[in-house]
Chemist: 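Would you mind keeping the following structure in view while I ask a few things?
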Amino acid sequence: MNRTTLLLLGGLLACSGCSLLQSLVKKNHDGQIDEAEKAGDYEALAAKCSEGKSKACDARTRVGQKRLASSSCDTLLPNLDKYYSNHQATKESDLALVRKFAECGKADELFGKDHRIRWLDDAIATLDKEGVDLFGSFVTFLGAGDKVYAGESGVEQANRMARWLVAIGDASRCPTLDEKLPKVAPEARGEFVWFYYEAGCGAQAVPHARQALLAEQYGHRIQACDVLGKYGDPSALEALNTLAETDPYKAEREVRTSSGMVAIEVYYPVRERCQAATGQLRLRKAAG
């Protein structure tokens, strides 16, 4: 056997031994991870996860969720920040979580700060339908604040709360909410105009819609046009006409041409909705 053959054979044996060693090391690491998970040793799992071991990260999440589920009222909030993962959450697990916050009298923590609970508005709406008085807690939360839901993240959280209220659609809540709306930051008030619209609360919707015609968010301007078209009076026509002719927001959509080809069309969503609203107002005016 010549020198070249010996070198090749040695290399193959070395490679095979390396693979075997790697398999043994991986098995050993996996065994350590399994033991840590079985023992509920979050710290050990966290250390393994920081090494980039996906199995450790998955196990850490499972153990974290168990710890979150078994939290006391005193440890519920810190454990939420430490263990919650919206990637692992389900509607059922989020409902159980929000229920625990309500039972502990900590619902205001969910109203105010965005903890990225994936099914938050669905869970709140479910408890609301069960008779849990979350709306009363929400009104108290709004009344205790000043410029609530300020900033971009605040507007997003206000949208979640509005989705809950829309899901319930209780028009009797409109006056109560309206009393507290001055406490909400101006940029977020438009989110609740959507609730007024869906619940049929024209008396509360119209004044806020007039203000929302000047909102920075184009979505709020669209909502304002929809509200005024449904509940407004002819005094809103001038402002609606102005937006219908000049609103700057534009978007793109696909349209099919007469030849059957698909083309990209630039259009103005706010202008279109305001034009529709002016048409509604003119019809009501003509009908007397």
Side-chain angles (χ1 to χ4, degrees), residues 114 116 118-122 125 147-169 171 174 177-178 181 184-287:
D114 177 16
R116 294 295 174 187
R118 185 174 183 182
W119 306 102
L120 177 61
D121 51 296
D122 289 286
K147 294 187 177 179
V148 184
Y149 300 128
E152 185 176 347
S153 62
V155 171
E156 291 176 0
Q157 188 70 347
N159 179 265
R160 294 181 184 91
M161 297 302 101
R163 290 204 301 265
W164 150 42
L165 295 173
V166 166
I168 301 301
C174 294
L177 176 64
D178 207 53
L181 212 60
V184 175
E187 64 267 29
R189 291 175 194 168
E191 298 297 334
F192 296 101
V193 174
W194 176 34
F195 160 63
Y196 293 143
Y197 178 84
E198 293 293 336
C201 307
Q204 284 75 38
V206 169
H208 297 297
R210 285 182 177 275
Q211 294 176 3
L213 288 174
L214 302 176
E216 290 186 15
Q217 297 95 333
Y218 77 90
H220 289 174
R221 299 197 300 276
I222 287 177
Q223 287 177 8
C225 291
D226 289 346
V227 167
L228 293 172
K230 186 174 182 179
Y231 299 115
D233 58 50
S235 65
L237 277 170
E238 183 178 354
L240 287 172
N241 278 327
T242 299
L243 279 187
E245 295 173 359
T246 65
D247 191 89
Y249 179 74
K250 60 184 178 182
E252 294 181 348
R253 61 189 171 195
E254 290 185 352
V255 295
R256 192 168 294 278
T257 66
S258 58
S259 63
M261 301 292 289
V262 174
I264 300 298
E265 175 187 71
V266 175
Y267 74 110
Y268 294 82
V270 181
R271 293 186 190 185
E272 289 187 358
R273 298 287 272 275
C274 288
Q275 286 167 3
T278 58
Q280 288 177 286
L281 285 180
R282 289 194 178 102
L283 283 174
R284 284 209 299 276
K285 184 179 179 180

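When a residue number appears, it is its place in the shown sequence, counting from 1.
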Chemist: Any side-chain heavy atom of L213 sitting closer than 4.5 Å to one from T242?
Modeler: no

Chemist: Give a yes or no on whether a salt bridge exists between E156 and R116, defined as a side-chain N under 4.0 angstrom from a carboxylate O.
Modeler: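 Counted as a salt bridge, because a side-chain N and a carboxylate O are separated by less than 4.0 Å.
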
Chemist: State, with a plain yes or no, whether a side-chain heavy atom of Y267 is found less than 4.5 Å away from one of E272.
Modeler: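 Yes, their side chains come closer than 4.5 Å.
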
Chemist: Which pair of heavy atoms, one from P207 and one from Q204, lies closest together, and at what distance?
Modeler: CD-O, 3.5 Å

Chemist: Check A205 against Y231 and note the closest heavy-atom contact, atom names and distance.
Modeler: CB-CD1, 4.4 Å

Chemist: Report yes if the side chains of E191 and Y149 come closer than 4.5 Å at any heavy-atom pair, otherwise no.
Modeler: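 Of all side-chain heavy-atom pairs linking Y149 with E191, none is under 4.5 Å.
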
Chemist: State, yes or no, whether a side-chain contact exists between H208 and D178 at a heavy-atom distance under 4.5 Å.
Modeler: yes

Chemist: Can you sort out the partners of V148 under side-chain contact (heavy atoms from CB on, under 4.5 Å), two or more places apart, ordered by chain and number?
Modeler: F141, L142

Chemist: Sequence neighbours excluded, which residues qualify as side-chain hydrogen bond (donor to acceptor under 3.5 Å, both in side chains) partners of D247?
Modeler: R221

Chemist: With rounding to the nearest 0.5 Å, note down the distance linking CG in L237 to CG in L281.
Modeler: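 It comes to 5.0 Å.
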
Chemist: Does any part of the side chain of R160, heavy atoms only, come nearer than 4.5 Å to the side chain of D114, both counted from C-beta?
Modeler: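 Yes. Closest side-chain heavy atoms under 4.5 Å.
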
Chemist: State, yes or no, whether a side-chain contact exists between R210 and S235 at a heavy-atom distance under 4.5 Å.
Modeler: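 SC-SC contact between R210 and S235 confirmed.
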
Chemist: What's the shortest heavy-atom distance between A185 and A150, and which atoms?
Modeler: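 Minimum heavy-atom contact is CB-CA, 3.6 Å.
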
Chemist: Which pair of non-hydrogen atoms, one from A209 and one from V227, has the smallest distance, and what is that distance?
Modeler: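 Taking every non-hydrogen atom into account, CB-CG1, 3.6 Å.
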
Chemist: Would you say that M161 contacts L120 through its side chain, given a criterion of any heavy-atom pair below 4.5 Å between the two side chains?
Modeler: yes

Chemist: Please identify each residue that fulfils ring pair (Phe, Tyr, Trp, His ring centres under 6.0 Å) with Y249, with sequence neighbours left out.
Modeler: Y218

Chemist: Listing request: all disulfide (SG to SG under 2.5 Å) pairs with a residue in residues 188-222, at least two apart in sequence or in separate chains.
Modeler: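 Found C174-C201.
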
Chemist: CZ/R271 to CG/L243 distance, rounded to the nearest 0.5 angstrom?
Modeler: 9.5 Å

Chemist: Which of these, L283, L228, L240, sits in a side-chain contact (heavy atoms from CB on, under 4.5 Å) with T278?
Modeler: L240

Chemist: Out of curiosity, W194 CH2 to Y196 OH, how far, rounded to the nearest 0.5 Å?
Modeler: 14.5 Å

Chemist: Applying side-chain hydrogen bond (donor to acceptor under 3.5 Å, both in side chains), name anything that partners Q275, two or more places apart in sequence or on another chain.
Modeler: none

Chemist: Taking all heavy atoms of R189 and all of V184, pick out the closest pair and write down the distance.
Modeler: NE-O, 2.8 Å

Chemist: side-chain hydrogen bond (donor to acceptor under 3.5 Å, both in side chains) with R273: which residues, sequence neighbours excluded?
Modeler: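 side-chain hydrogen bond (donor to acceptor under 3.5 Å, both in side chains) check on R273 returns D226.
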
Chemist: Between K147 and E187, does the salt bridge (Lys or Arg N to Asp or Glu O under 4.0 Å) criterion hold? Intermediate values first, please.
Modeler: CA-CA 9 Å; K147 294 187 177 179; E187 64 267 29; over 6 Å; no

Chemist: For A125, give me all partners under side-chain contact (heavy atoms from CB on, under 4.5 Å), at least two apart in sequence or on another chain.
Modeler: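 By the side-chain contact (heavy atoms from CB on, under 4.5 Å) rule, A125 matches W164, A167, I168.
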
Chemist: Going by the rule ring pair (Phe, Tyr, Trp, His ring centres under 6.0 Å), which residues pair with W119 if we only count those two or more places apart in sequence or in a different chain?
Modeler: none

Chemist: Considering residues, nucleotides and ligands other than E152, do more than 12 of their heavy atoms fall under 6.0 Å from its CD?
Modeler: no

Chemist: Does any pair with a residue in residues 237-284 pass disulfide (SG to SG under 2.5 Å), and if so which ones, sequence neighbours excluded?
Modeler: C225-C274

Chemist: Tell me, please, which residues at least two apart from R284 pass side-chain hydrogen bond (donor to acceptor under 3.5 Å, both in side chains).
Modeler: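 So R284 forms no side-chain hydrogen bond (donor to acceptor under 3.5 Å, both in side chains) with any residue.
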
Chemist: With sequence neighbours excluded, what pairs up with E254 under the salt bridge (charged side-chain N to carboxylate O under 4.0 Å, His left out) test?
Modeler: none

Chemist: Among residues two or more places apart or on two chains, list those pairs meeting disulfide (SG to SG under 2.5 Å) that have a residue in residues 231-263.
Modeler: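 Every candidate disulfide (SG to SG under 2.5 Å) pair involving residues 231-263 fails, so no pair, neighbours aside, qualifies.
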
